[in-house]
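In what follows, a single structure is set out as structure tokens and then discussed.
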Amino acid sequence: MNAIEEFYRVAFARYGDLEWWPADDPFEVAIGAILTQNTSWKNVERAIERLKCDGLLSPNTISDVPMEKLAEAIRPSGYYNQKAKKLKAFVEWFREELDCDFSAGDTMPTAHLRESLMSVKGIGPETADDILLYAFEKPVFVVDAYTYRIAVRHGWSPPDVGYDELAEIFTSSLDEDVFLYKNFHAILVEIGKTFCTKKAPKCVNCPMKPTLRNGTPLVIV
DNA sequence: ATCCTGGAAA
DNA sequence: TTTCCGGGAT
């Protein structure tokens with residue numbers, strides 16, 4: 001068992017299934033993935049609740065509603081003007097490429113779907129991978145700031161690693177398993193928020209401390 | 001490197 | 001008061 005598998009084994013014993021991504025359906029996952037860009041999930045929940053109340057959480061309504069009204073509905077998630085455009089760009093892609101049907105992605109190669117998603121203005125690699133994994137159920141490993149921080153501090157990766165390169169470090173160390181990838185990312189986010197924080201990491205109380213091999217963490221607080 | 005933005009935490 | 005979010009575009 002390699003260090004990354006060992007990390008997950010210990011983490012799963014502690015956290016179990018975190019049940020990501022919390023949403024009623026894949027469309028809500030995709031919308032949430034855009035709204036959560038550089039934004040706390042709590043504020044995204046408010047924005048999604050407002051979309052639901054206004055009857056706006058569907059491809060047709062997002063296409064038809066005026067930009068200003070959409071922006072107002074998602075206001076709590078921040079960057080509301082930018083994100084209103086992003087939501088409209090996404091639903092336009094969703095209709096044209098998939099006829100508003102996520103299952104249409106089942107027969108498409110993951111790499112093609114990923115490139116296609118990333119061609120949408122407002123969808124970068126992380127958001128694309130959120131959508132691929134949690135909405136399309138494709139086996140891609142999501143990399144985010146928490147993933148990077150934890151990977152570097154545990155010595156799994158050099159600090160100058162690129163996005164795709166870091167994803168590869170995880171996928172090459174793990175079985176290809178959609179549930180595993182979903183829950184691993186959820187666990188990294190949870191640990192990154194509570195213990196492996198950007199400033200003043202709480203290594204002393206961290207449940208992952210037993211998984212460190214050569215006293216590897218760059219920071220022990 | 002800077003901008004986009006609200007809300008909570010430090 | 002500053003910092004930080006489940007980033008991405010210019």
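A, B, ... follow the sequence lines: proteins, then strands. Residue 1 opens every chain.
- Separation of the P atoms belonging to C:dG8 and B:dG7 is 23 Å when rounded to the nearest angstrom.
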side-chain contact (heavy atoms from CB on, under 4.5 Å) assessment of A:I4 paired with A:I169: CA-CA 9 Å; A:I4 292 180; A:I169 288 174; 3.8 Å; yes
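- Of all non-hydrogen atoms in A:V44 and A:S77, the two that sit nearest each other are CA-CB, 4.4 Å.
- Within 4.0 Å (heavy atoms only), A:I34 reaches no atom of the nucleic acid at all.
- Mapping heavy-atom proximity under 4.0 Å, the span of DNA chain C touched by chain A runs 5' to 3' from C:dT3 to C:dT10.
- Using a 4.0 Å heavy-atom criterion, one finds that A:N81 contacts the sugar-phosphate atoms exclusively.
- The main-chain N or O of A:W20 is never found under 3.5 Å from a side-chain atom of A:K182 such that the two would form a donor-acceptor pair.
- Distance, A:K193 NZ to B:dA10 C1': 16 Å, rounded to whole Å.
- Summarising the geometry, the separation between NZ on A:K42 and P on B:dA8 is reported as 9 Å, rounded to the nearest angstrom.
- With a 4.5 Å cut-off on side-chain heavy atoms, A:I191 and A:Y15 count as touching.
- For A:R46 and A:N38, each mapped to the nucleotide of DNA chain B holding its nearest heavy atom, the one lying further toward the 5' end belongs to A:N38.
- Contact annotation: A:Y80 side-chain N/O to B:dC4 OP1/OP2 distance is not under 4.0 Å.
- Among the heavy atoms of the strands, none lies under 4.0 Å from A:V29.
- Residue-level contact check: A:R50 touches neither bases nor backbone, having no heavy atom under 4.0 Å from any strand.
- Heavy atoms of A:G124 sit under 4.0 angstrom from primed sugar atoms or phosphate atoms, though from no base atom.
- Using a 4.0 Å heavy-atom cutoff across all strands shown, A:E126 reaches sugar-phosphate atoms only and no base atom.
- Within the 4.0 angstrom heavy-atom criterion, only backbone atoms of the sugar-phosphate kind lie near A:K199; the bases stay farther away.
- Between A:K69 and A:E72, none of the side-chain N atoms (NZ, or NE/NH1/NH2) sits under 4.0 Å from a carboxylate O, so this pair counts as no salt bridge.
- Remark: the A:K86 side chain and the A:T127 side chain contain no N/O donor-acceptor pair separated by less than 3.5 Å.
- A:T39 comes within 4.0 angstrom of a nucleotide base, judged by non-hydrogen atoms across all strands.
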